[in-house]
Protein chains: 2
Amino acid sequence: MRFEGADSGTVRPGGRTARVRAAVLQATGDALAEHGFAPLDLADIARRAEVGKTTVYRRWGTVTRLVADLLLDMAEQSLPRTETGSLFGDLKANARLVQRTLADPRQGALFKAVIAAATCDAKTAEALHRFYDIRVKEWAPCVQQAIDRGEVPEDTDVHEVIRAVSAPLYYRLLTSGESIDEAAADRAAEAAATAARAGAYLRGV
Amino acid sequence: MRFEGADSGTVRPGGRTARVRAAVLQATGDALAEHGFAPLDLADIARRAEVGKTTVYRRWGTVTRLVADLLLDMAEQSLPRTETGSLFGDLKANARLVQRTLADPRQGALFKAVIAAATCDAKTAEALHRFYDIRVKEWAPCVQQAIDRGEVPEDTDVHEVIRAVSAPLYYRLLTSGESIDEAAADRAAEAAATAARAGAYLRGV
DNA sequence: CCGTTAACGAAACTGGAGTCCCGTTATGAG
DNA sequence: CTCATAACGGGACTCCAGTTTCGTTAACGG
């Protein structure tokens with residue numbers, strides 16, 4: 001009886017074992033940088049959808065193309081923007097909306113997965129970019145209103161301010177284990193509003 | 001001869017075709033939310049590394065565990081922090097470092113892929129979180145110095161300020177097609193510094 | 001330097017993802 | 001309503017990722 005399994009390489013970690021590890025890690029980096037992450041099973045999706053798997057393979061072919069179509073679908077369902085009368089209030093409403101979405105177990109996992117999928121395929125990435133462009137454009141007017149009120153400098157890049165609200169929440173979702181709570185949302189909104197008022201998002205300077 | 005392929009479903013898009021699409025998209029969302037994104041071929045990695053594929057399967061087993069090990073390796077190689085004497089200068093140095101990394105084709109693709117991999121597996125996610133914790137902790141002292149100089153409020157969350165610098169750059173990498181240029185880095189640093197000085201990153205308030 | 005055995009790797013095997021074939025269903029034009 | 005055919009779906013087939021087996025190589029304690 002031989003026990004190697006998960007702890008193989010722990011007893012004699014030097015020499016060949018170390019060289020193998022280095023070579024494999026190098027190759028992993030290369031492979032990931034080149035192909036990215038490969039797709040999920042379409043047969044399983046057909047089963048869940050109670051649809052012939054031939055149909056799924058014929059119409060979409062790969063998971064990445066399927067996800068691109070899903071993003072197209074998601075982009076069509078838009079949520080109404082709320083107006084509060086102040087930049088901070090509007091950004092906070094936006095931040096809370098994003099926070100609720102990412103904190104929801106199913107939605108949060110879905111957004112993570114969709115972003116991961118876009119990592120592997122150019123068409124899917126394009127669909128993801130279009131999705132966020134639409135969402136950002138939907139909220140940008142609140143920054144324009146702040147410009148009109150004289151709250152922020154004239155030539156502020158309105159889209160960049162909206163992105164600045166979401167960025168910390170997505171960064172936390174992807175790179176940290178901490179939960180996306182309301183405090184994080186409010187902090188993101190406050191930071192973006194403060195920086196915008198101070199002229200940190202001037203365009204093309 | 002039958003032509004269906006990619007444009008199947010375009011001639012008769014109503015009725016059954018539409019129902020199939022809805023069911024499949026629903027199932028795709030469910031599958032992604034549950035399993036996330038599945039792994040890449042280990043046999044290919046063994047070939048690249050010029051190592052027996054049995055060895056790779058025995059020592060790592062899955063791509064996600066392999067990526068977790070890669071992250072452990074990446075966490076060990078740290079870059080020295082530069083000190084400029086002002087919060088904005090230090091944050092700008094950090095932002096430029098992140099910017100150069102993400103803008104580099106291989107490194108940028110690698111980071112995208114690693115984040116995608118962490119999306120699918122708890123252990124890999126933990127390894128990713130540890131990686132970023134280390135990086136953040138490495139730069140946090142520059143914010144502490146700014147506190148000591150009286151540049152930012154006493155009870156500022158120093159880690160959160162560092163994260164605020166990276167967040168917009170990663171957000172752009174993942175959700176937008178635009179390149180990560182120096183202007184973006186400088187804007188991220190300026191926004192974070194401004195918000196920090198204004199007390200947007202106070203801890204636990 | 002020697003011996004034990006951890007770790008590697010070639011080759012044969014297997015299960016299921018992805019493809020192909022062809023009959024069935026039902027859309028939408030006339 | 002009718003008909004041509006777009007689109008679906010069951011089932012057989014293929015091929016390769018992942019597993020198992022077993023012989024070979026070399027790490028490291030003495």
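Numbered from 1 within each chain, the chains take letters A, B, ... in sequence-line order. Since the model is a prediction, treat every value here as computed from it, not as a measurement.
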- prompt: Is it true that a side-chain atom of B/S176 and a backbone atom of B/E178 form a donor plus acceptor pair closer than 3.5 Å?
  reply: yes
message: Reading DNA chain C from 5' onward, which residue's closest nucleotide shows up sooner: A/R16 or A/Y57?
response: A/R16
message: Under 3.5 Å, is there any donor-acceptor pair linking the side chain of A/R58 to the base of D/dG9?
response: yes
message: Ring-plane angle category for B/Y171 and A/Y132, please: parallel below 30°, perpendicular beyond 60°, tilted otherwise.
response: perpendicular
query: Rounded to the nearest Å, what distance is computed from the CH2 atom of residue B/W60 to the C1' atom of nucleotide C/dC8?
result: 11 Å
- line: Per nearest nucleotide of DNA chain C, the residue lying toward the 5' end, B/T17 or A/R47, is A/R47
task: Would you name the heavy atoms of A/I180 and A/L173 that are closest together and state the gap between them?
output: CD1-N, 3.5 Å
task: May I have the distance from B/I45 (atom CD1) to D/dC16 (atom C1'), rounded to whole angstrom?
output: 16 Å
message: So, does A/T54 get its side chain near the phosphate of D/dC8, meaning an N or O under 4.0 Å from OP1 or OP2?
response: no
query: Starting at CG of A/L40 and ending at C1' of C/dG18, how long is that distance when rounded to a whole Å?
result: 14 Å
query: Could you give the CG-to-C1' distance, from A/D41 to D/dG18, as a whole number of Å?
result: 15 Å
field: Proximity to the side chain of B/L42 - top-ranked nucleotide from C/dC8, D/dG18, D/dA27
entry: D/dG18
task: Look at the aromatic rings of A/F131 and A/F111 and report parallel, tilted or perpendicular, splitting at 30° and 60°.
output: tilted
message: By the 4.0 Å heavy-atom rule, please label A/R21 as base, sugar-phosphate, or nothing.
response: nothing
- request: Kindly indicate whether the side chain of A/K53 and the base of D/dG9 share any N or O donor-acceptor pair separated by less than 3.5 Å?
  value: no
message: Go nucleotide by nucleotide along DNA chain D from the 5' end; which of A/E50 and A/R19 gets its closest nucleotide reached first?
response: A/E50
